[in-house]
Amino acid sequence: MHILKLCVLGDGAVGKTSLIIRHVDKRFVTEYKPTIGFDIALKTMKIQEEGISAELLIWDIAGQAIFEKIREEYLQGTNAAMIIFDLTRQETYDHVKDWLRELNTYAGKVPFVLVGNKADLASKKVISDEVGKKYAKTLGAIDYIETSAKTGQKVEDAFEKIIKNVIETLSKKKEKAEEVEEKPEEAEEVEEKPEEAEEKIEEVEEKPEEE
Ligand code: G3D
Ligand code: MG
């Protein structure tokens with residue numbers, strides 16, 4: 001069983017928490033309290049595909065994470081990410097590159113999807129689909145998706161794109177591990193990451209709720 005960490009990134013109030021709740025609970029909730037510690041919430045998802053069985057832990061970060069140290073801890077060991085901006089607020093789009101820089105600094109080069117959220121507010125949109133798509137390509141994102149946590153538009157797509165990518169990566173690693181079965185040290189490498197993630201989660205769980 002692989003344990004994968006998916007981090008959701010983006011400025012405050014772009015809809016990170018709403019999208020996670022929408023995806024996990026399939027409904028839009030306007031009130032949400034971070035559940036673990038003071039700035040990280042976890043949602044788990046089980047995946048069983050192509051002979052791969054994995055558990056996806058979706059990490060949500062709250063606005064209180066103004067300290068780089070907290071963001072660093074949040075990002076370490078990330079296997080995939082979702083970078084979100086608010087389609088109606090230019091500055092949240094401008095900050096995407098900063099989130100990506102931090103992701104790369106603390107987690108290395110991990111696959112990510114670029115998400116423009118609040119697509120339901122069509123008349124207030126300041127970033128066009130075309131601009132978003134082009135930017136996603138420039139940044140090397142898996143894809144660009146316009147979502148609405150309010151209506152549910154494309155929320156599943158956004159998560160599925162990432163999950164598919166992660167499964168593909170795991171399948172490739174599995175093949176590679178099978179190829180090099182004679183060299184056990186290399187094959188073991190594949191197993192190391194999930195364990196690390198598990199430790200981290202235990203650590204997080206121990207923190208008392210500080211709501
Ligand atoms: P964050 O976790 O990124 O900080 P939240 O963002 O999920 O807390 O959402 C911030 C605000 O945006 C919330 O409004 C939420 O209801 C709203 N929101 C999130 N997604 C959408 C969306 O797709 N469409 C619209 N119209 N609103 C959205 P409040 O008023 O509760 O602060
Ligand atoms: Mg939030």
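The figures here come from the full heavy-atom set of this structure, side chains too, leaving out hydrogens, waters and symmetry mates. Counting convention: from 1, in listed order, for ligands and their atoms alike.
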Completion exercise
Note: Thr78 and Val110 closest approach over all heavy atoms is O-CG1, 3.2 Å
Return a yes/no value for [X]: is any of its N or O atoms, backbone included, closer than 3.5 angstrom to an N or O of ligand 1?
| X | result |
| --- | --- |
| Ser18 | yes |
| Ala119 | no |
| Gly12 | no |
| Leu121 | no |
| Asp120 | yes |

Problem - Any Gly10 heavy atom less than 4.0 Å to ligand 1 - result: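 Outside the 4.0 Å threshold, so no.
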Practice task
Verify the cluster assignment for Leu19 and Leu121: are they in a single hydrophobic cluster under the rule of side-chain heavy atoms below 4.5 Å apart?
Solution key: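 No; tracing contacts between hydrophobic side chains, which count when under 4.5 Å, never links both residues.
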Exercise for the section: Please tell me if the side chains of Asp129 and Tyr144 come closer than 4.5 Å, counting only heavy atoms from C-beta onward. Expected result: yes
Exercise for the section: May I ask you to identify, for Leu19, whether its side chain, its backbone, both or neither come under 4.0 Å of ligand 1 on a heavy-atom basis? Expected result: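 Neither; nothing of Leu19 gets under 4.0 Å from ligand 1.
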Problem - Sequence-distant partners of Glu175, salt bridge (Lys or Arg N to Asp or Glu O under 4.0 Å), two or more places apart - result: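 So Glu175 forms no salt bridge (Lys or Arg N to Asp or Glu O under 4.0 Å) with any residue.
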Handout entry: Residue pairs fulfilling salt bridge (charged side-chain N to carboxylate O under 4.0 Å, His left out) with at least one residue in residues 97-117, sequence neighbours excluded
Key = Arg71-Glu102, Asp98-Arg101
Practice task
Measure from the side-chain N and O atoms of Lys5 to the backbone N and O of Tyr74, and report whether any donor-acceptor pair falls under 3.5 Å.
Solution key: yes
Practice task
Flag Ser18 as yes if one of its N/O/S atoms falls below 2.8 Å of the Mg ion (ligand 2), otherwise no.
Solution key: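 No - counting backbone and side chain alike, Ser18 has no N, O or S atom under 2.8 Å.
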Exercise for the section: Would you indicate which of Lys124, Lys150, Glu146, Lys118 comes nearest to atom 28 (C) of ligand 1 when only heavy atoms are counted? Expected result: Lys118
Practice task
Mark up the atoms of ligand 1 that fall under 4.0 Å of a heavy atom belonging to Ser148, in ascending order.
Solution key: 23 (O)
Practice task
Run through Lys125, Lys133, Lys154 and flag the one making a salt bridge (charged side-chain N to carboxylate O under 4.0 Å, His left out) with Glu146.
Solution key: Lys125
